[in-house]
Q: 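Below: one structure in structure tokens.
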Protein chains: 2
Amino acid sequence: MPDAAEGRPALAESTGIGARVTALRSARGLSLSELARRAGIGKATLSGLEAGTRNPTLETLYAVTSALGLPLTALVAAPGPIRGSAAEMALLRVFDDGPVTYELYRMHLPAGATQTSPAHHAGVTEHVTVFAGVLRSGPLDRPLRAGPGEHVEWPADVPHGYEAEGPADVEAALLIRYPHPPSP
Amino acid sequence: MPDAAEGRPALAESTGIGARVTALRSARGLSLSELARRAGIGKATLSGLEAGTRNPTLETLYAVTSALGLPLTALVAAPGPIRGSAAEMALLRVFDDGPVTYELYRMHLPAGATQTSPAHHAGVTEHVTVFAGVLRSGPLDRPLRAGPGEHVEWPADVPHGYEAEGPADVEAALLIRYPHPPSP
DNA sequence: CCGCGGCGTTCCGTTTACGGAACGGTGCGA
DNA sequence: TCGCACCGTTCCGTAAACGGAACGCCGCGG
């Protein structure tokens, strides 16, 4: 195995989690030693975490956020926009409702832009509510159209696409529904 | 308010992250082996992660979410409400804007309820915008009053409190501003 | 019938994140 | 000036998370 084990990339650094811990800690006027004490972890652990030279475990992250009085979400970066070639989608929430998983996105599509997406797994459906602009979307061979306030849906187990018709950008909410495969 | 040094031993299993990974994976029709392959991690690692018998590192979690095409936030539970003795506050977002950290909460205070909070560090201020009800809040010895649509703020480096005046519950947005101490 | 490929789990040696104890640096009161 | 308390970093032995290679199981095709 190629041992580039010199200056380790340090994932915690690239995600900004280390810097965020430092910010949240100093915002409360806590020293590193004091936070480590309250969190019940070693100073070495917290030092390495903030510096980004370690790869912390979930347990460590929980200990830190608990000591700060915050949920774990406070440490992970806000859901960044996912840039397609044309569309910009930001994941708002994930719901795990028993046998079905939903993912709710906010979609922004510049006027005239077209975005295609490969087929998902069988049974997956997409549901769009348009807030602004006119959206043409659905299976590539049989697209649907929706204006402001309207709602469309289609099976997403075939290649599909999104297109902003007309002169205005499209703002919409996209809900992807993933039914779980039969349990047996 | 986020203060108590109450460190709760939160284990990897109680967070439901394992179950969430299983849900998101099966939602996409992926086998455990397949996801492990795409994520570039061992099957043993993913198996233990989903079963909750391991304490995954940040790197592992990141590899899994990336392979699922999701941000890391998709794995951590939605910010849960923080129950004070009376108030219920849910952290909506954390902003790290250079030398200042902001925490944005949604606050719900039942009619007649009173909630106090110990002093924060010097320089910290709280800003409240009331949506419904009448809120009496601020330093305990010199409280302020705000009705629907109004906004109040006060230095939070002294003990302060919140009280829902009148017959209606209070719904409000609370922004806590933590200026970072001057760099050494 | 047997073989083959894929599944999820378990075993095991290696890697590494962990906390405690050191370290040097700094501010402050005696 | 000296202690002394605390800071954040580094060292180091131990615990455990890691990936690879087994394992047993099942469905399917020859």
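Note that these values count all heavy atoms, side chains included, but never hydrogens, waters or copies made by symmetry. So that the names make sense, note that chain A is the first sequence line, chain B the second, and so on, each numbered from 1.
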Q: Between atom CG in L49(B) and atom P in dG8(C), what is the gap in whole Å?
A: 14 Å
Q: Rounded to whole angstroms, how far apart are CG on L32(A) and P on dA5(D)?
A: 20 Å
Q: For L61(A) and dA17(C), what is the distance between atoms CG and P respectively, to the nearest whole Å?
A: 12 Å
Q: Out of dC7(C), dC18(D), dC11(D), which nucleotide sits closest to the side chain of A44(A)?
A: dC11(D)
Q: Quick one: is S47(A) getting a side-chain N or O under 4.0 Å of the dT9(D) phosphate, OP1 or OP2?
A: yes
Q: Measure from the side-chain heavy atoms of N55(B) and tell me the nearest of dA22(C), dC7(C), dA17(D).
A: dA17(D)
Q: Return the value, rounded to whole Å, for the distance between atom CD of E34(B) and atom P of dC7(C).
A: 7 Å
Q: Starting at atom CZ of R54(A), determine the distance to atom P of dT9(D), rounded to an integer number of angstrom.
A: 12 Å
Q: Of all the nucleotides listed (dC7(C), dG8(C), dG8(D)), which has the minimum atom distance to the side chain of R37(B)?
A: dC7(C)
Q: Assess the side chains of H108(A) and E88(A): does a donor N or O sit below 3.5 Å from an acceptor N or O?
A: no
Q: Is any side-chain nitrogen or oxygen of T57(A) closer than 4.0 Å to OP1 or OP2 of dA17(C)?
A: no
Q: I'd like to know if R145(A) pairs up with E150(A) as an ion pair, taking the criterion as any Lys NZ or Arg NE/NH1/NH2 lying under 4.0 Å from an Asp or Glu carboxylate oxygen.
A: no
Q: Verify the distance criterion only: is there a donor paired with an acceptor across the side chains of T101(A) and H180(A) at less than 3.5 Å?
A: yes
Q: Measure from the side chain of K43(B), starting at C-beta and using heavy atoms only, and say which of dA22(D), dG19(D), dT9(D) lies closest.
A: dA22(D)
Q: Please determine which of E103(B), H120(B), R177(B), E153(B) meets the side chain to side chain contact (heavy atoms under 4.5 Å, CB included) test together with E126(B).
A: H120(B)
Q: Go through dC18(C), dC18(D), dC11(C) for me and flag the one nearest to the T45(B) side chain.
A: dC18(D)
Q: For I41(A) and dG20(C), what is the distance between atoms CD1 and P respectively, to the nearest whole Å?
A: 11 Å
Q: Rounding to a whole Å, what distance do you find between L35(A):CG and dC7(D):P?
A: 11 Å
Q: Base, sugar-phosphate or nothing for L46(A)? Non-hydrogen atoms, less than 4.0 Å.
A: nothing
Q: Map S31(B) and T60(A) onto DNA chain C by nearest heavy atom, then report which one ends up closer to the 5' terminus.
A: S31(B)
Q: I need the CD1-P distance between I17(A) and dA17(C), as an integer number of Å.
A: 14 Å
Q: Would you kindly say whether H127(A) and T125(A) are connected by a side-chain donor-acceptor distance under 3.5 Å?
A: yes
Q: Indicate whether OP1 or OP2 belonging to dC7(D) is found under 4.0 Å from a side-chain N or O atom of S33(A).
A: yes
